[in-house]
Amino acid sequence: MEKEVAEKTIRTEEGNVKISDEVVAIIAGLATAEVKGVAGMSGGIVGGIAEFVGKKSPSKGVKVEVGDKEARVDVYVIVEFGVRIPEVAHEIQRGVKKAIESMTGLSVVETNVHIQGVSFPNEIKEEEQNKSK
Amino acid sequence: MSSFKTRFTMGILSLGYILISILFICIALGWFAPIDYFDFFLIDLNNRWILGLVSFFVFILTFTLFLSCFKAKTDKLANIHQTALGQIDITLSALQSLILKAAQKTPEVKEVKPILKLTENKLSVLLKVKVNPDINIPQITAELQHAVKDYLAQTAGTSLQDTKIQVTQINMDSQISHIE
């Protein structure tokens, strides 16, 4: 898989259709956000700055490597408290694969899910803070 | 930047801002001597070079601090599952949150400080705990070990290789209030 490739080109009789990495990342981000149990995405520096200036980035917390026919996705998520993490992660993997493959025609070879944190409701958070003092 | 370095830098920068703001307040109140001194200081080319270099250094430092505000925490990841679709990892800090939640099921344990260790993808935890007085410590700590182990297996699907407990303190708050 070539890392340098920033967009995927589909050749049709009428011409070429290019899909950029960013689009693939947005599709993956939206598919992840739809999964029940996902509290949010954990973005890097760019996502943080975008959020700071009030711009919501649907590709926040998603890294993609797109090749000619294949894609590799890494999603960084925060899950809700009380969910079974492996089940939510598996659901994310399935959702991302389905969304990317149906919308772009790319084959998703790997979807790695990185759980970056657990989101607690406020009451539980306070109790937890008291206990970890 | 490590948290100590960040705090140290922020402390130094805050001190600088305090001094600068005091200086500007004084200027606003009519004390113009610093401006005259600064004008005089800038006449010398060497001084301008020094000022430029110091300002550049401060710029780099503050810009790094600014960027670090947006940086996601880099945390160690423990692999909890490997499926045909890919890998599922969880950060140690997320596991720590889950451990704290599991510890709430043992009311006799007043405070918990989990220290997770990941070696060759095997996870072990040391729980430093503060417990209430007048309890059977071996029984309560065993309960806590089971609670943490079961909770992590249930929610994160990960198993702990080792769960060590260190009772570091006895909670005397309730006793003291009772005596008073």
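Scope of the values below: all heavy atoms of this structure, side chains included, with no hydrogens, waters or symmetry mates. Keep in mind that this is a model prediction, so the values were computed, not measured.
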For [X] and [Y], work out which heavy atoms get closest and say how close.
X        : Y        : value
B:Leu85  : A:His90  : CD1-CE1, 4.3 Å
A:Gly117 : B:Ala94  : CA-CB, 3.7 Å
A:Glu110 : B:Gly86  : CG-CA, 3.9 Å
A:Pro86  : B:Thr155 : CD-O, 3.2 Å
B:Gln154 : A:Arg84  : O-NH1, 2.5 Å

Measuring from [X]:[atom1] to [Y]:[atom2], what's the distance to the nearest 0.5 Å?
X        : Y        : atom1 : atom2 : value
B:Leu98  : A:Ile115 : CG    : CD1   : 10.0 Å
B:Ile90  : A:Gln116 : CD1   : CD    : 9.5 Å
B:Asp89  : A:Asp74  : CG    : CG    : 8.5 Å
B:Lys101 : A:Phe81  : NZ    : CZ    : 4.0 Å

Notebook entry, point to check: Would one find more than 12 heavy atoms of other residues, nucleotides or ligands at under 6.0 Å from atom CZ of B:Phe41?
Noted result: yes
Check: Around B:Lys128, counting heavy atoms of other residues, nucleotides and ligands shown, do more than 12 lie under 6.0 Å from its NZ?
Finding: no
Transitive ILVMFWY side-chain link [X] to [Y], under 4.5 Å:
X        : Y        : value
B:Leu160 : B:Val112 : yes
A:Met103 : A:Val64  : yes
B:Leu95  : B:Val125 : yes
A:Val118 : A:Tyr76  : no
B:Leu152 : B:Leu118 : yes

Margin query: Counting heavy-atom pairs under 4.5 Å with chain A, which one of B:Ile88, B:Asn79, B:Thr83 comes out on top?
Written below: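 Top count of heavy-atom pairs under 4.5 Å with chain A: B:Ile88.
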Next item on the list: Below 4.5 Å from any heavy atom of chain B, which atoms of A:Val96 appear? Answer side chain, backbone, both or neither.
Entry: neither
